[in-house]
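Heads up, the thing below is written out as structure tokens.
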There are 2 protein chains.
Amino acid sequence: MSLSAFAYKCIKDKLRTGRFPGGTMLSETTLAREIGASRTPVREAIAQLEREGLLDQIPRHGTFVRVMDRDEIEELYDLRATLEGFAAAQAARHITPAVVYKLRNHCRGMMDLVREVRRLGPKASIGAGLAQRWVANDASFHTTIIHAAANRWLTKVTEDMRLMAQTFGLCRNLPDNNPLATLRRTWREHCRLLGALAAHDERAARELVIAHILTGKESLLAYCDWADKHRGEHAGLDEPRRRHLQSLDRYARITRGRKR
Amino acid sequence: MSLSAFAYKCIKDKLRTGRFPGGTMLSETTLAREIGASRTPVREAIAQLEREGLLDQIPRHGTFVRVMDRDEIEELYDLRATLEGFAAAQAARHITPAVVYKLRNHCRGMMDLVREVRRLGPKASIGAGLAQRWVANDASFHTTIIHAAANRWLTKVTEDMRLMAQTFGLCRNLPDNNPLATLRRTWREHCRLLGALAAHDERAARELVIAHILTGKESLLAYCDWADKHRGEHAGLDEPRRRHLQSLDRYARITRGRKR
DNA sequence: ATAACGCATCTTGTATACAAGACTGCCATC
DNA sequence: GATGGCAGTCTTGTATACAAGATGCGTTAT
């Protein structure tokens with residue numbers, strides 16, 4: 001594997017796991033040192049991530065982790081709904097028994113998760129392990145459908161969108177106060193979608209997916225609003241946090257002076 | 001402007017105008033010499049064009065101008081139909097009188113084109129100038145609608161798709177044996193779409209755009225089939241053509257050995 | 001004649017040096 | 001005290017040198 005690819009994976013991982021929160025400034029030199037390569041491959045990785053919409057490179061100023069405002073999140077989810085709706089319709093047309101079987105297994109896996117969460121009690125918050133399995137199952141379900149649509153361009157574009165949703169993704173630390181209900185709803189919607197796909201019902205498949213994703217959008221936006229309202233309550237001023245706020249400020253200043 | 005951006009524009013232009021036909025091998029060194037820069041900016045430009053789907057870079061072998069097979073063209077147009085359909089629906093929701101006015105001007109411009117072509121007589125082939133104006137008008141019409149949708153991610157993705165369609169774009173040298181009819185049809189469809197948009201009729205706008213693009217797909221595929229059938233009839237073996245065939249061969253050999 | 005080997009030359013991948021813009025903080029000046 | 005300039009140090013942008021894989025062709029051995 002090339003160093004560029006390695007650097008790309010490194011940075012993307014840190015982005016996905018929240019090690020580099022929005023607004024963080026990334027220095028090519030520093031990253032190169034951390035990764036153990038020269039600036040060249042790091043630069044290529046950064047360029048690619050910028051093209052994918054995860055970073056924002058401002059000439060001669062620096063590259064920053066993009067932050068999405070509320071409108072942008074809404075736009076992203078609207079587009080995702082359209083794309084995955086199309087994917088579902090195409091999948092319904094082309095689907096094979098093997099894929100149906102695979103999707104059914106995913107649904108079964110999610111049912112198991114529901115059972116485990118139910119056993120924890122109605123108010124218990126789910127642990128990191130369960131949350132991770134949940135996210136992985138959900139992602140895999142959607143990805144399977146996208147691939148079943150058998151449209152290479154669609155696959156590429158949609159994967160990009162999913163990555164962004166996941167990265168900015170606020171889903172990761174979504175503090176759901178009723179995970180059992182959310183999980184059951186997700187499971188139910190997946191099952192219904194599976195039914196439509198197996199029956200080759202293009203219209204139903206499209207509409208179910210669109211509704212599914214728009215539901216996700218609503219809950220994410222609700223979380224955004226909640227987070228906005230409770231902003232600034234973290235008065236803990238440890239060093240890295242302070243530095244992050246500083247870089248975020250710089251980013252805001254530069255982009256404001258530039259784009260407006 | 002940075003040299004990278006300049007190199008990007010240079011290469012893209014040559015790609016769009018058909019100077020680099022599908023299968024051509026691009027050498028970083030050679031391009032750098034031509035552009036008058038070092039390999040670094042050229043490399044960045046190539047990387048970006050690869051991400052956009054116009055080039056195909058094969059590690060340690062070279063980078064080639066992508067060629068699309070029939071299926072891929074079909075997939076591209078299907079996706080474009082979905083994306084631009086969504087754009088039209090959103091545009092119908094958000095559209096302002098100013099945008100309607102702009103679109104009306106475009107329609108008027110196309111009507112002028114129709115008149116000019118009609119004056120040429122029913123069987124005359126249209127010249128390069130007219131063709132260029134036609135393509136520009138069409139592109140601008142669609143782009144205006146996409147922007148009116150007010151979804152930044154959609155704009156980005158769709159522009160990429162349009163660029164590809166245009167580049168591979170076979171539209172450029174589509175030998176239409178009845179340009180007047182095609183032009184009139186295009187004009188009529190644009191007018192009808194404009195009506196739906198002005199009336200804020202989301203459903204009609206979406207369906208009209210989808211039909212419009214799928215019609216384009218059909219005529220392009222028909223041309224592909226025609227070109228396939230008449231392949232190999234160009235027995236003229238001038239030096240550049242020969243070199244191109246050679247590079248195309250190499251490309252085919254490598255990708256075949258690699259992907260299959 | 002044919003197959004295999006090796007070298008010259010192509011390709012990209014990576015490291016590094018240097019240039020130049022942009023920010024920061026200090027110091028001198030008003 | 002406020003303000004303007006200036007150097008040091010950050011950032012990215014570009015050129016270039018070198019490494020290493022891939023290719024093609026000529027030579028040689030069978």
Side-chain angles (χ1 to χ4, degrees), chain A residues 1-11 20 23-51 55-65 242-259, chain B residues 1-11 20 23-51 55-65 242-259:
Chain A
M1 187 168 75
S2 75
L3 277 177
S4 303
F6 179 68
Y8 174 77
K9 268 184 63 177
C10 270
I11 301 173
F20 291 154
T24 305
M25 175 170 163
L26 301 182
S27 156
E28 293 177 1
T29 316
T30 310
L31 279 173
R33 241 200 325 263
E34 277 178 25
I35 290 170
S38 81
R39 268 181 59 211
T40 309
V42 171
R43 213 177 143 68
E44 293 187 357
I46 286 178
Q48 176 147 2
L49 288 165
E50 195 208 1
R51 172 89 193 107
L55 300 180
D56 191 2
Q57 197 161 22
I58 294 154
R60 298 200 188 279
H61 285 259
T63 88
F64 299 83
V65 180
R242 209 182 55 75
R243 287 248 305 267
H244 173 232
L245 286 180
Q246 189 179 338
S247 123
L248 212 156
D249 260 11
R250 203 162 97 93
Y251 178 50
R253 202 170 54 235
I254 294 171
T255 51
R256 204 159 300 146
R258 210 147 250 268
K259 294 194 179 165
Chain B
M1 188 168 74
S2 75
L3 278 174
S4 302
F6 179 68
Y8 173 78
K9 268 184 62 176
C10 271
I11 301 173
F20 291 153
T24 305
M25 176 171 163
L26 301 183
S27 157
E28 293 178 2
T29 315
T30 310
L31 280 174
R33 238 199 329 262
E34 277 178 23
I35 290 171
S38 81
R39 266 183 60 214
T40 309
V42 171
R43 213 178 144 68
E44 293 188 356
I46 287 179
Q48 176 147 2
L49 288 165
E50 195 207 4
R51 270 169 251 139
L55 300 179
D56 192 2
Q57 196 161 22
I58 294 154
R60 298 195 189 281
H61 285 260
T63 87
F64 298 83
V65 180
R242 212 182 53 76
R243 287 250 303 270
H244 173 231
L245 286 180
Q246 186 178 339
S247 124
L248 211 156
D249 260 11
R250 204 163 96 92
Y251 179 50
R253 202 170 53 239
I254 294 171
T255 51
R256 204 160 300 146
R258 208 147 252 267
K259 295 193 179 165

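- Within the structure, a side-chain polar atom (N or O) of B:Arg43 is placed less than 4.0 Å from OP1 or OP2 of C:dG13.
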Evaluate the side chain to side chain contact (heavy atoms under 4.5 Å, CB included) criterion for residues A:Ile46 and A:Leu31: first the C-alpha distance (whole Å), next the side-chain angles of each, then the deciding distance (0.1 Å), finally the verdict.
CA-CA 10 Å; A:Ile46 286 178; A:Leu31 279 173; 4.1 Å; yes

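- Of the candidate nucleotides D:dG13, C:dT12, C:dT14, C:dT14 has the atom nearest to the side chain of A:Leu3.
- Among the atoms of the strands shown, base atoms are found under 4.0 Å from some heavy atom of A:Thr40.
- Along DNA chain C, the nucleotide closest to B:Ser27 and the one closest to A:Ala5 are compared, and the more 5′ of them pairs with B:Ser27.
- Look at A:His61 and you'll find a side-chain N or O under 4.0 angstrom from OP1 or OP2 of C:dC23.
- Contact between B:Phe64 and B:Met25 at its shortest, heavy atoms only, is CE2-CB, 3.7 Å.
- Nucleotide D:dT11 holds its C1' atom 16 Å from the OH atom of A:Tyr251, rounded to whole Å.
- Distance CG (A:Leu31) to C1' (D:dT12): 13 Å, rounded to an integer number of Å.
- Using a 4.0 Å heavy-atom distance criterion, B:Arg250 is classed as a sugar-phosphate-only contact.
- Under a 3.5 Å cut-off, the side chain of B:Arg43 and the backbone N or O of A:Glu44 do not form any donor-acceptor pair.
- For the pair A:Glu28 CD and D:dT11 P, the interatomic distance rounds to 9 Å; values are reported in whole Å.
- As rounded to whole Å, 20 Å separates atom P of D:dT14 from atom CZ of B:Arg33.
- Among the heavy atoms of the strands, none lies under 4.0 Å from A:Ile46.
- Shortest non-hydrogen contact noted between A:Ala37 and A:Leu3 is CB-CD1, 4.0 Å.
- Nearest to the side chain of A:Pro41, among C:dT12, D:dG13, C:dA15, sits C:dA15.
- Listed nucleotides: D:dA17, D:dG21, D:dT12. Nearest to the side chain of B:Arg39: D:dA17.
- Rounded to an integer number of Å, the gap from CD of B:Gln57 to C1' of C:dG13 is 10 Å.
- Atom CD1 of A:Ile58 is separated from atom C1' of C:dG21 by 14 Å (rounded to the nearest Å).
- Following rounding to the nearest Å, B:Met25 (CE) and D:dT23 (C1') show an atom-to-atom distance of 10 Å.
- Distance B:Leu26 CG to C:dC10 P: 17 Å, rounded to the nearest Å.
- B:Glu50 CD to A:Arg51 CZ: the interatomic distance, rounded to the nearest 0.5 Å, is 11.5 Å.
- A sub-4.0 Å separation between OP1 or OP2 of C:dG13 and a side-chain N or O of A:Ser4 is absent.
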